[in-house]
Amino acid sequence: MNEATVMPFSVGDVVFGDGRLTVIAGPCVIESREHTLMLAHELQRRAQRAGLDFVFKSSFDKANRSSHESFRGLGMRVGLEILRAVREETGAPVTTDVHETTQVEEVAEVADILQIPAFLCRQTDLIVAAARTGRAVNVKKGQFLSPYDARNIVRKARAAGCERLLLTERGTTFGYHNLVVDMRSFPIMRSFGVPVVFDVTHSLQLPGGLGHATGGQAEFIEPLARAGVAAGVDAVFLEVHDDPAHAPSDGPNMLPLERFEPLLEMLRAIHELVRRNAPGW
């Protein structure tokens, strides 16, 4: 595996790839303006106290649902209005999913980072459209891809002019209703010259595990996050909720709000230890 230099880049006041650890966090889906703004302020305050850069994440539409009866969100128009309010009130960058090329231009007017969902990571037209907006782009590696295959994602995005690109690991399909994280993914994908994000909470989904919905194992968030940071990632992605048991989407794998700040403090300590003893990672 040939090492490549990761070129740092900024998204607002947040920097990826310069050796610091960043947290991307928020509820799975936008539930209401009041709830979203409350969580955005709380997460930002707690990330700042832990000494980490912060990006807010939530989705206006969850197009990939187990059941047609599952809650998808408030839709693009209302969702983008709420994300715009988060940016204006907190000053934090925001990121959200785009599912179709027709969404990209409008979402790019609000979102600082355009996120390509894992199941769409090979959709060339979508990656190219996102890259051409000039916004930063975060592509989640599909559950069906090896980390080596993610090089093609980087090549597509770079060919379309994207200079601010993130790759995200969110687990690999391991039999039915299960995912597993291969820690080799982090150095492999980072060797392509891009900062790497570890989506901890989605890696703990049990896809379709409830029959009508996706299950999860939130009890393993802390140990998995610790392992990923020790392996050398640039950012951690955490879906966080103040009441996961009653969340309309991804409740079983979301991190309860009260566990957020203690986890960040632990991750920062691990990150600093690794940086002192493995300079240049």
Side-chain angles (χ1 to χ4, degrees), residues 1-12 14-24 53 55 57 64 93-101 103-105 107-108 111-173 179-200 202-203 228-229 231-237 278 280-281:
M1 182 178 66
N2 296 321
E3 292 294 332
T5 300
V6 173
M7 298 301 294
F9 62 81
S10 299
V11 179
V14 174
V15 181
F16 293 95
D18 70 342
R20 74 185 69 187
L21 182 67
T22 296
V23 59
I24 303 170
D53 282 356
V55 176
K57 178 270 166 187
N64 175 38
V94 301
T95 182
T96 195
D97 302 297
V98 287
H99 302 93
E100 302 173 10
T101 56
Q103 296 176 339
V104 169
E105 185 175 346
V107 175
D112 300 277
I113 304 173
L114 301 179
Q115 182 168 285
I116 308 296
F119 279 119
L120 300 176
C121 70
R122 292 185 61 175
Q123 294 296 102
T124 301
D125 290 346
L126 184 59
I127 292 172
V128 169
R132 287 177 174 169
T133 65
R135 290 295 196 181
V137 178
N138 178 25
V139 183
K140 289 189 166 187
K141 177 179 73 63
Q143 301 92 323
F144 45 86
L145 284 186
S146 85
Y148 295 102
D149 294 331
R151 185 191 297 272
N152 291 322
I153 296 171
V154 176
R155 288 171 173 163
K156 287 179 184 179
R158 292 283 192 247
C162 182
E163 297 298 328
R164 297 186 297 163
L165 179 67
L166 299 164
L167 285 177
T168 292
E169 170 62 53
R170 52 106 354 115
T172 301
T173 300
L179 299 168
V180 67
V181 177
D182 182 352
M183 293 293 164
R184 294 173 297 181
S185 292
F186 305 126
I188 290 169
M189 294 198 298
R190 210 168 187 272
S191 75
F192 305 151
V194 297
V196 172
V197 182
F198 181 20
D199 184 347
V200 181
H202 279 112
S203 297
V229 171
V233 298
D234 299 276
V236 290
F237 183 113
W281 66 261

### Query
Counting distance only, does the side-chain N/O of R20 pair as donor-acceptor with the main-chain N or O of A235 below 3.5 Å?
no

### Message
Less than 3.5 Å apart, any donor N or O on the side chain of D182 or S185 sitting next to an acceptor on the other?
### Response
no

### Query
Do T168 and D199 have a side chain donor and acceptor closer than 3.5 Å?
no

### Task
Please step through side-chain contact (heavy atoms from CB on, under 4.5 Å) for the pair F192 and L165, ending with a clear verdict.
CA-CA 11 Å; F192 305 151; L165 179 67; over 6 Å; no

### Task
Give the minimum heavy-atom separation between F186 and G232, together with the two atoms involved.
CB-O, 4.2 Å

### Query
If only atom types and distance count, is the side chain of R170 paired as donor or acceptor with the main-chain N or O of K141 below 3.5 Å?
no

## Note on the structure
What one should report as the nearest heavy-atom pair of V233 and L21 is O-CD1, 3.9 Å

### Working for side-chain contact (heavy atoms from CB on, under 4.5 Å), residues D112 and V55
CA-CA 9 Å; D112 300 277; V55 176; over 6 Å; no

### Task
State, to 0.1 Å, how close D53 and V14 come at their nearest heavy-atom pair, and which atoms those are.
OD2-CA, 3.6 Å

### Task
Please test V98 against L126 for side-chain contact (heavy atoms from CB on, under 4.5 Å), starting from the C-alpha separation and ending with a verdict.
CA-CA 8 Å; V98 287; L126 184 59; 4.2 Å; yes

### Task
Answer yes or no: is there a donor N or O on one side and an acceptor on the other, between the side chain of E169 and the main chain of G171, under 3.5 Å?
yes

### Task
Just say parallel, tilted or perpendicular for the rings of F144 and F119, cut-offs at 30° and 60°.
parallel

### Task
Starting from the C-alpha separation in whole Å, work towards a yes-or-no answer on salt bridge (Lys or Arg N to Asp or Glu O under 4.0 Å) for R122 and D149.
CA-CA 10 Å; R122 292 185 61 175; D149 294 331; over 6 Å; no

### Query
Between SG of C121 and NZ of K156, what distance do you get to the nearest 0.5 Å?
8.0 Å

#### Entry: Atom pair OG1 (T133) and CG (L114), whose distance is rounded to the nearest 0.5 Å
4.5 Å

### Query
Hey, what do you get for CG (D234) to CD1 (I24), rounding to the nearest 0.5 Å?
10.0 Å

### Message
Under a 3.5 Å distance rule, please check whether R190 uses its side chain to pair with a backbone N or O of V6 as donor and acceptor.
### Response
no

### Task
Taking all non-hydrogen atoms of both residues into account, name the closest pair between Q115 and D97 and its distance.
NE2-OD1, 2.7 Å

#### Entry: Gap between atom CD1 of I127 and atom OG1 of T101 - 0.5 Å precision
12.5 Å

## Note on the structure
When M189, R158, M7 are each screened for side-chain contact (heavy atoms from CB on, under 4.5 Å) with V194, the one that passes is R158

### Query
Hey, what do you get for CD1 (I153) to OG1 (T124), rounding to the nearest 0.5 Å?
10.0 Å

### Test log, rule side-chain contact (heavy atoms from CB on, under 4.5 Å), inputs S203 and L179
CA-CA 6 Å; S203 297; L179 299 168; 5.5 Å; no

### Shortest non-hydrogen contact from F198 toward G228
CD2-CA, 3.7 Å

### Task
State, to 0.1 Å, how close A131 and A160 come at their nearest heavy-atom pair, and which atoms those are.
CB-CB, 3.6 Å

